[in-house]
Amino acid sequence: TYGRNTVNIVVEESPDPKGMLSARGAVMVPINVLVLYPGYMITGNLVADNVNVGEPVNAKVEMDNIGEPTIADAYADITFYDASDRIVGKLRTSHKSLQSFQHATLNGSLDTAGLDAGRYKAIAVVHFDGNQETYNATFNIGKKDVDFGDYQTSLQRGGINEFRYEATS
């Protein structure tokens, strides 16, 4: 069948015909086989880095051509969303071509100036020779502030004290 397949090769020792009870050894080796799809087919994923406020988010789509035809042109349109699903940015990655079995990385960068700290998501639509695939990722924009809340205000002198606090960044 098309796609990733595993074949196990087993070598097993013959049992001792003289004894009533015997042990025998065996070795199994898996062999992974990738059978190309007859048409266009890619596998991939999207990665977006966690950053501090004001730093650019590097986004990259890692992809593999597991189809028979060569992909002449592949690129991704990546849309970035805040926690309320509002669009906060868009970019188009570099263009690449891929032979069968070839790996490529499509890169882009989003300027986060003006974006608040929080959790964000990115959705990449990869376009390749009239086809498309979609990949998702989440990332955080953080700030270097640390808020210590709900902490103990008094400690006793002359001993070891337990100190509890809650910190958020």
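Counting begins at 1 with the first residue of the sequence. All heavy atoms count here, side chains included; hydrogens, waters and symmetry mates do not.
Leu106 and Met41 are assigned to two separate hydrophobic clusters, defined by single-linkage of ILVMFWY side chains at heavy-atom distances under 4.5 Å. In the hydrophobic clustering of this structure, Val33 does not group with Val10; members are Ile, Leu, Val, Met, Phe, Trp, Tyr whose side-chain heavy atoms approach within less than 4.5 Å, directly or through other members. Placement of Val7 and Leu34 within a single hydrophobic cluster is found when ILVMFWY residues are connected by side-chain heavy-atom separations under 4.5 Å, directly or transitively. Follow the hydrophobic side-chain contacts under 4.5 Å out from Val51 and you reach Ile78 in the same cluster. Leu46 and Ile87 are assigned to two separate hydrophobic clusters, defined by single-linkage of ILVMFWY side chains at heavy-atom distances under 4.5 Å.
Remark: side-chain polar atoms of Asn50 are paired, donor with acceptor, to backbone N or O of Asn140 under 3.5 angstrom. Although no hydrogens or angles enter the test, the distance criterion places no donor-acceptor pair under 3.5 Å between the side chain of Asn32 and the main chain of Pro30.
Within the model, atoms OH of Tyr37 and OG1 of Thr43 stand 9.0 Å from one another, a figure rounded to the nearest 0.5 Å. Here Ile71 contributes atom CD1 and His127 contributes atom NE2; the two are 13.5 Å apart, rounded to the nearest 0.5 Å. To the nearest 0.5 Å, atoms CE (Met63) and NE2 (His103) are separated by 9.5 Å.
For the pair Asp116/Val53, no side-chain contact is recorded, criterion being any heavy-atom separation below 4.5 Å from C-beta on. You'll find the side chain of Tyr81 stays beyond 4.5 Å of the side chain of Val88, heavy atoms only. Using a 4.5 Å cut-off on side-chain heavy atoms (C-beta onward), Leu91 and Thr93 make contact. Counting heavy atoms from C-beta outward, Ile141 and Asn52 have side chains that stay 4.5 Å or more apart. Within the 4.5 Å cutoff, the side chain of Asp49 has no heavy atoms near those of the Lys60 side chain. Ile66 has its side chain out of reach of Phe101: every pair of non-hydrogen atoms, C-beta onward, lies at least 4.5 Å apart. A 4.5 Å side-chain heavy-atom check between Lys96 and Tyr75 finds every atom pair outside the cut-off. Between Asp77 and Thr79 there is no side-chain heavy-atom pair separated by less than 4.5 Å.
Of all heavy-atom pairs spanning Pro56 and Thr112, the tightest one is N-OG1, 4.4 Å. Nearest heavy atoms, Gly89 versus Leu110: CA-CD1, 3.9 Å. Between Pro69 and Gly39, the shortest heavy-atom distance links the atoms CD-O, 3.3 Å. In terms of heavy-atom proximity, Leu98 sits nearest to Ala74 at CD1-CB, 4.1 Å. The nearest pair of heavy atoms linking Ala72 to Ser97 is O-CB, 3.2 Å. When all heavy atoms of Gly67 and Ser100 are compared, the closest pair comes out as O-OG, 2.7 Å.
A salt bridge between Arg119 and Asp82 is absent, with no side-chain N of the basic residue lying under 4.0 Å from a carboxylate O of the acidic one.
Ring pair Tyr120/Phe139 is parallel by interplanar angle, where below 30° counts as parallel and above 60° as perpendicular.
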Practice task
I would like to know whether Asp129 and Asp73 meet side chain to side chain contact (heavy atoms under 4.5 Å, CB included); could you show each step before the answer?
Solution key: CA-CA 6 Å; Asp129 293 350; Asp73 184 39; 4.2 Å; yes

